[in-house]
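Notes to accompany the following structure.
Residue numbers start from 1 in every chain, and the chains themselves are labelled A, B, ... in the order their sequence lines are given, proteins ahead of strands.
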There are 2 protein chains.
Amino acid sequence: MELQEGKDKFIQAWGTLGSHWGINRTMAQVHALLLISENPLSAEEIMETLKISRGNANMNIRALIDWGLVFKELKPGERKEFFVAEKEMWEVIRKIIIQRKKKELEPVIRVLNDISNVEQNSPEAQEFARVIEDINLFAQKADSTLEALVKSDQNWFVGTFLKNMMK
Amino acid sequence: MELQEGKDKFIQAWGTLGSHWGINRTMAQVHALLLISENPLSAEEIMETLKISRGNANMNIRALIDWGLVFKELKPGERKEFFVAEKEMWEVIRKIIIQRKKKELEPVIRVLNDISNVEQNSPEAQEFARVIEDINLFAQKADSTLEALVKSDQNWFVGTFLKNMMK
DNA sequence: CTGAATTTTCAGAACATTTTGAAAGTTGAA
DNA sequence: TTCAACTTTCAAAATGTTCTGAAAATTCAG
């Protein structure tokens, strides 16, 4: 396979992955492009490579910077901004976990806590309370698991954690 | 809080969670409704409670059955079909992991394998190969971790696994 | 069989998200 | 300052997704 073909396929795949993840396609494609680019790219270059508009490029680069997946890099003597991706894969994963946890898990935990104060003792209410309690248990576990992952470093993850998992 | 208010909030929250998950809002709401319902509900009842159309109800119930999150239940003497949700939360989670892994992870793994045969020895190709290799490592780990989770039972998960995690 | 009850399908409508591009805003070298 | 280079914003357009409702298909009691 040609290098260029490989790169294109990767950008497509990463984009699709993103879209199954609440990350928008273009944002993921920009990320992919920067990931496999040897040197920092300007907004202009990103626009041209991915064939997207200026506004679109700007928005998504901004979002990637918010997520901590991309950094701005200024070249001395150049007015333009250049961008590089975080290339340490473990960091990339941590950053993504942080965002997804915030968006997916935390709001649910808030509602569950809120809901736990349903009064009444009807059998119906009991059943409801049971389901909520059960979900709550898993939500708490998931929360602390992810929290631990986010705080851990790669060696611990790839070494200790996965060894424990697989035994 | 009133029971009904709690139920409504839960259905809303579960719907929102779903939509951050590639599960569509209505599908998640139908699931929520069935989860907290004491007895099986008919399509009719689901339509009325959630104020959705017949077609919509049908589609999403079908999808939930595909995922293994909802079961059809026939009452003797009744022509109508009734539906119940899988209420064992650990099972629910397993079923969701299975689907998400299939949709999110597996296609990427396929592309990564495909892409690994990029020829060329330019420094550019080297860099590309490095990034892909790195992602591949994590993808494999994630795959086997999820595979193990799916095969494990609840006690192992809540007991052993999480204790190891937190230590 | 027949036909009423029920489920399924699907084209178009409604809604939601993403993208564009032009205009407004910002920046810094001269 | 000034002004060209560059970045940001945002309303409208394009695209993508979900939902509706009526029609077609299926099912089964009589």
Side-chain angles (χ1 to χ4, degrees), chain A residues 11-12 14-34 40-67 70-84 99-100 103-104, chain B residues 11-12 14-34 40-67 70-84 99-100 103-104:
Chain A
I11 291 173
Q12 291 312 327
W14 208 241
T16 307
L17 178 67
S19 70
H20 286 304
W21 273 48
I23 293 168
N24 99 27
R25 240 176 71 92
T26 308
M27 181 170 159
Q29 288 185 340
V30 172
H31 182 227
L33 175 61
L34 290 172
L41 300 180
S42 66
E44 207 79 20
E45 291 169 300
I46 293 171
M47 288 164 53
E48 279 167 21
T49 313
L50 300 180
K51 306 214 170 29
I52 60 177
S53 72
R54 185 170 298 287
N56 196 6
N58 186 272
M59 265 191 50
N60 287 298
I61 292 169
R62 242 22 70 185
L64 285 165
I65 291 176
D66 279 354
W67 282 46
V70 163
F71 310 104
K72 202 179 279 193
E73 193 167 300
L74 298 172
K75 293 195 187 176
E78 292 247 35
R79 180 89 75 79
K80 253 195 292 257
E81 295 174 331
F82 289 81
F83 305 96
V84 274
Q99 298 291 330
R100 296 190 81 180
K103 279 212 303 232
E104 296 182 10
Chain B
I11 291 173
Q12 289 313 327
W14 207 242
T16 306
L17 178 67
S19 70
H20 286 303
W21 273 49
I23 294 168
N24 97 29
R25 240 175 71 90
T26 307
M27 179 170 162
Q29 288 185 338
V30 173
H31 181 229
L33 175 61
L34 290 172
L41 300 180
S42 66
E44 205 81 20
E45 290 169 300
I46 293 171
M47 287 164 55
E48 279 166 21
T49 313
L50 299 180
K51 306 209 171 32
I52 60 176
S53 73
R54 185 171 299 286
N56 197 6
N58 187 272
M59 265 190 50
N60 287 297
I61 292 169
R62 245 18 71 187
L64 284 165
I65 291 175
D66 278 353
W67 283 46
V70 162
F71 309 105
K72 202 179 281 193
E73 193 167 301
L74 298 172
K75 293 195 187 179
E78 292 247 37
R79 179 89 75 79
K80 251 196 294 259
E81 295 175 330
F82 290 80
F83 305 96
V84 277
Q99 297 293 330
R100 296 191 78 179
K103 279 212 303 230
E104 296 182 8

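Among residues at least two apart or in separate chains, salt bridge (Lys or Arg N to Asp or Glu O under 4.0 Å) pairs with a member in residues 53-67 of chain A are A:Glu44-A:Arg54, A:Arg62-A:Glu81.
A:Glu81 comes within 4.0 angstrom of the backbone, heavy atoms only, and of no base. Heavy atoms of B:Asn24 sit under 4.0 angstrom from primed sugar atoms or phosphate atoms, though from no base atom.
B:Asn60 places its CG atom 15 Å from the P atom of C:dT7, with the value rounded to the nearest Å. Look at CD1 on A:Ile61: it is 14 Å from C1' on C:dT19, rounded to the nearest Å. Rounded to an integer number of Å, the gap from CE of A:Met59 to P of C:dT19 is 8 Å. Whole-Å rounding puts the B:Lys75 NZ to C:dT6 P distance at 13 Å. When the C1' atom of C:dT6 is taken as reference, atom CD1 of B:Ile46 falls 14 Å away, rounded to whole Å.
Taking CZ from B:Phe71 and CG from B:Leu34, the interatomic distance works out to 11.5 Å, rounded to the nearest 0.5 Å. Taken to the nearest 0.5 Å, the CD atom of A:Gln99 stands 9.0 Å off from the CD1 atom of A:Ile23. The distance from atom CG of B:Leu64 to atom CE of B:Met27, rounded to the nearest 0.5 Å, is 4.5 Å. Rounding to the nearest 0.5 angstrom, the gap separating the CD1 atom in B:Ile65 from the CG atom in B:Asn60 is 11.0 Å.
Within 6.0 Å of CZ on B:Arg25 lie no more than 12 heavy atoms contributed by other residues, nucleotides or ligands.
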Should A:His31 and A:Trp67 be marked as a side-chain contact (heavy atoms from CB on, under 4.5 Å) after you check the CA-CA gap, both sets of side-chain angles, and the distance that decides it?
-> CA-CA 11 Å; A:His31 182 227; A:Trp67 282 46; over 6 Å; no
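Along DNA chain D, the stretch of nucleotides lying under 4.0 Å from any heavy atom of chain B spans, 5' to 3', D:dT18 to D:dC28.
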Classify every nucleotide of nucleotides 21-30 of chain C by which part a protein heavy atom approaches to under 4.0 Å, writing B for the base, S for the sugar-phosphate alone and - for neither, in 5'-to-3' order.
-> B-----BB--
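Remark: A:Lys72 is not positioned above the aromatic ring of A:Phe83, lacking an NZ or CZ atom under 6.0 angstrom from the ring centre and at most 45 degrees off the axis.
Remark: the A:Gln29 side chain and the A:Thr26 side chain contain no N/O donor-acceptor pair separated by less than 3.5 Å.
Of the residues near DNA chain C, A:Arg25 and B:Arg62, the one whose nearest nucleotide (by heavy atom distance) lies more toward the 5' end is B:Arg62.
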